[in-house]
Amino acid sequence: MKRFIAILMTLIMVLGLSSVGVWADDEATWQEETPLLTARYGHTASSWNNKIYVFGGREKGTEALKSTEIYDSEKGTWSYGKPMLTAREQLTSTTVNDKIYVIGGNAGSTRYNTLEIYDPQNDSWTTGTPMPTARNLMQAVTVNNLIYVLGGTTKTETADVVDIYDPSTDSWTTGKSMPSSRTFHSASVVGDKIFVFGGTPYTDANLNVTIYNTKENSWTTGSPIPKPRNGLTSVAYGKKVYVMAGSGPLDLVEIYDTNTDSWSTGPSLPIPLVQTKSAVLGDKIYVLGGGNTAGSSNKVFSLTLQKTPEVPSNPLNLTATGGNSVVDLSWGAVSGADSYTVKRSLTEGGPYTAIVEGVTDTTYSDTDVDNGTTYYYVVTAISAGGESENSNEASATPQAGSGGEDPTAGKALLVITMTNGIEKEYDLQMSEVNSFIDWYDGKAAGNGQGYYTISKTFNLGPFMTRIDYLTFDKIQNFEVMQYQ
């Protein structure tokens, strides 16, 4: 039995309801959908609740538009919403929670720093604190409920500025500037990173994909876009970004894989377009309107992609505990994993040989061992998408018993008291309890990650897994009650 004192929060997460996917596009083709009510280019579009909202832009030979059009994907119909408060083109928009934020743009030579907020549930508009710098041809995206507005053109210059808007406080801050000034570009979000594509001027820096890590407030570069262009549009599906259309106009579709920093070619658009916009609903990419050789287009095209499983994440928290002619292994469950493969080596760092496949639990006892020999283990997760990377390495040396109680034998009740007084009780193998204690000791010494996962095997209901995430500094104490 051990008792430790530190500091609570229990973070309980239910995982395994669905797996994040990548997208197969080898046989996908574009389909024509119900056209926009008004042909337009230089507009903006955002999605919410199975609908696409199109704002502003201009029709050939007209001034900037105020109109709002709404596409109902379930009915395949368009309707008008309440117009914007200010007519604009070359504007940008993004969705945060249940509202759409429409930012900047221009009407003629006048550039705006306007922030207008559309409530699709009430078909109403309000205003927010204006953007610090009036500009058009910028891009807005949402990461963790914050809006990032990147680049664009002011009255006097092409901008490299990154302005960050917090809807919860209606306030603006400044992020780290882009590596180079850029306008008429496109941007999409994968995870916590913003990927910026194309635009002008056509400098070497702007030919590269530029990648903004919002957590670190830093920029890196990726592989150059194969076809330099401006007036393009992009959307993210899984870990890939579809980069479409652009100056020419072009029917080009290029696909950037954020995992591999590589490019491939997708199915061409039915017609060349520039200054078009795109949005995502379900498993479809929509491309809406834009400029073409005839002027402005009201065409809407969709591309349906097939979801395929993604390679699972590698298991975490692998531990190995040696007993008498046995090594007990335990690791954290991986969302989307169908099974696990256990690998072993006699050498630290491998190479490893699989000793068992198809393990469906998160524990395994290796009995094909010799006392006094040190064994090194890794575990991989398996799904229809493939095999994960190796887990962390864990080692143990089985030993013959020397009398007395075997600390690895039998089971135990692990009762963890959180700092808010809540008690969490788990009925575990002693090897699993020892794994938790090893993690706690390591974290107390300043090593390891800040949380520990325990798989719950009771009251699963409709779920594949139930996993408790226990945060180190929110644990007050714990008690181990071992039994046979």
Side-chain angles (χ1 to χ4, degrees), residues 41-47 53-57 88-96 100-106 111-116 131-144 146-154 157-165 172 174-190 192-202 205-214 219 221-222 225 228-236 241-247 256 258 273-280 285 287-290:
Y41 63 92
H43 51 293
T44 188
S46 292
S47 58
Y53 296 78
V54 175
F55 306 98
R88 288 170 284 162
E89 60 177 310
Q90 316 295 6
L91 66 171
T92 189
S93 64
T94 188
T95 304
V96 181
I100 301 173
Y101 296 76
V102 183
I103 306 167
N106 69 281
R111 290 177 173 81
Y112 293 99
N113 61 353
T114 304
L115 170 58
E116 296 178 357
M131 183 170 54
T133 305
R135 57 194 195 272
N136 63 351
L137 298 172
M138 62 284 169
Q139 289 293 306
V141 295
T142 299
V143 183
N144 295 326
L146 295 177
I147 296 173
Y148 293 76
V149 182
L150 307 104
T153 303
T154 69
E157 62 183 0
T158 300
D160 62 1
V161 67
V162 176
D163 288 324
I164 305 171
Y165 177 75
W172 292 87
T174 302
K176 187 175 179 62
S177 297
M178 294 193 295
S180 58
S181 300
R182 188 176 293 204
T183 189
F184 230 0
H185 50 294
S186 183
S188 291
V189 173
V190 177
D192 294 314
K193 295 180 179 179
I194 303 170
F195 295 80
V196 182
F197 305 93
T200 57
Y202 290 138
N206 287 347
L207 298 182
N208 291 324
V209 178
T210 51
I211 307 164
Y212 186 44
N213 187 323
T214 59
W219 287 91
T221 59
I225 188 170
R229 58 197 191 276
N230 61 48
L232 65 171
T233 186
S234 65
V235 291
V241 181
Y242 286 69
V243 182
M244 302 166 287
S247 53
Y256 179 72
T258 62
L273 291 167
V274 66
Q275 295 194 57
T276 182
K277 284 296 176 182
S278 55
V280 176
I285 298 173
V287 172
L288 311 109

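Atom set for the values below is all heavy atoms of this structure, side chains included, hydrogens, waters and symmetry mates excluded. Since the model is a prediction, treat every value here as computed from it, not as a measurement.
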Looking at [atom1] of [X] and [atom2] of [Y], how far apart are the two atoms once the value is rounded to the nearest 0.5 Å?
| X | Y | atom1 | atom2 | value |
| --- | --- | --- | --- | --- |
| L207 | F197 | CG | CZ | 13.5 Å |
| R182 | T153 | CZ | OG1 | 12.5 Å |
| N136 | N106 | CG | CG | 4.5 Å |
| I164 | K176 | CD1 | NZ | 12.0 Å |
| T114 | L91 | OG1 | CG | 10.0 Å |
| E116 | I100 | CD | CD1 | 13.0 Å |

How close do [X] and [Y] get, counting heavy atoms only, and between which atoms?
| X | Y | value |
| --- | --- | --- |
| A187 | L150 | CB-CD1, 4.5 Å |
| P132 | D163 | CD-OD2, 3.7 Å |
| V141 | T94 | C-OG1, 3.7 Å |
| G56 | H43 | O-CB, 3.3 Å |
| F184 | Q90 | CE1-OE1, 4.3 Å |

Parallel, tilted or perpendicular: ring planes of Y212 versus Y148, cut at 30 and 60 degrees:
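Geometry flag for Y148 against Y212: perpendicular rings.
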Hey, what's the ring geometry for F195 with Y256, parallel, tilted or perpendicular (30° and 60° as the breaks)?
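Plane angle between 30° and 60°, so tilted.
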Contact check, side chains of [X] and [Y], non-hydrogen atoms, under 4.5 Å:
| X | Y | answer |
| --- | --- | --- |
| T214 | L146 | no |
| V274 | R229 | no |
| T92 | R135 | no |
| W172 | M131 | yes |
| Y101 | V96 | yes |
| D192 | N144 | yes |
| L232 | I225 | yes |
| S278 | M244 | yes |

Criterion side-chain hydrogen bond (donor to acceptor under 3.5 Å, both in side chains) on T183 and T158, from CA distance to verdict:
CA-CA 6 Å; T183 189; T158 300; 5.5 Å; no
Kindly determine whether S188 and S234 satisfy side-chain hydrogen bond (donor to acceptor under 3.5 Å, both in side chains), including the steps that lead there.
CA-CA 6 Å; S188 291; S234 65; 2.8 Å; yes
List the steps, then state whether side-chain hydrogen bond (donor to acceptor under 3.5 Å, both in side chains) holds for S93 with S46.
CA-CA 6 Å; S93 64; S46 292; 2.8 Å; yes
With H185, the side chain to side chain contact (heavy atoms under 4.5 Å, CB included) member among V196, L137, N230
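Checked V196, L137, N230 against H185; only one passes side chain to side chain contact (heavy atoms under 4.5 Å, CB included): V196.
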Taking I147's backbone N and O only, do any of them form a donor-acceptor pair with T142's side chain (distance below 3.5 Å, no angle check)?
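It does not hold such a pair.
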Working for side chain to side chain contact (heavy atoms under 4.5 Å, CB included), residues V162 and W219
CA-CA 11 Å; V162 176; W219 287 91; 3.9 Å; yes
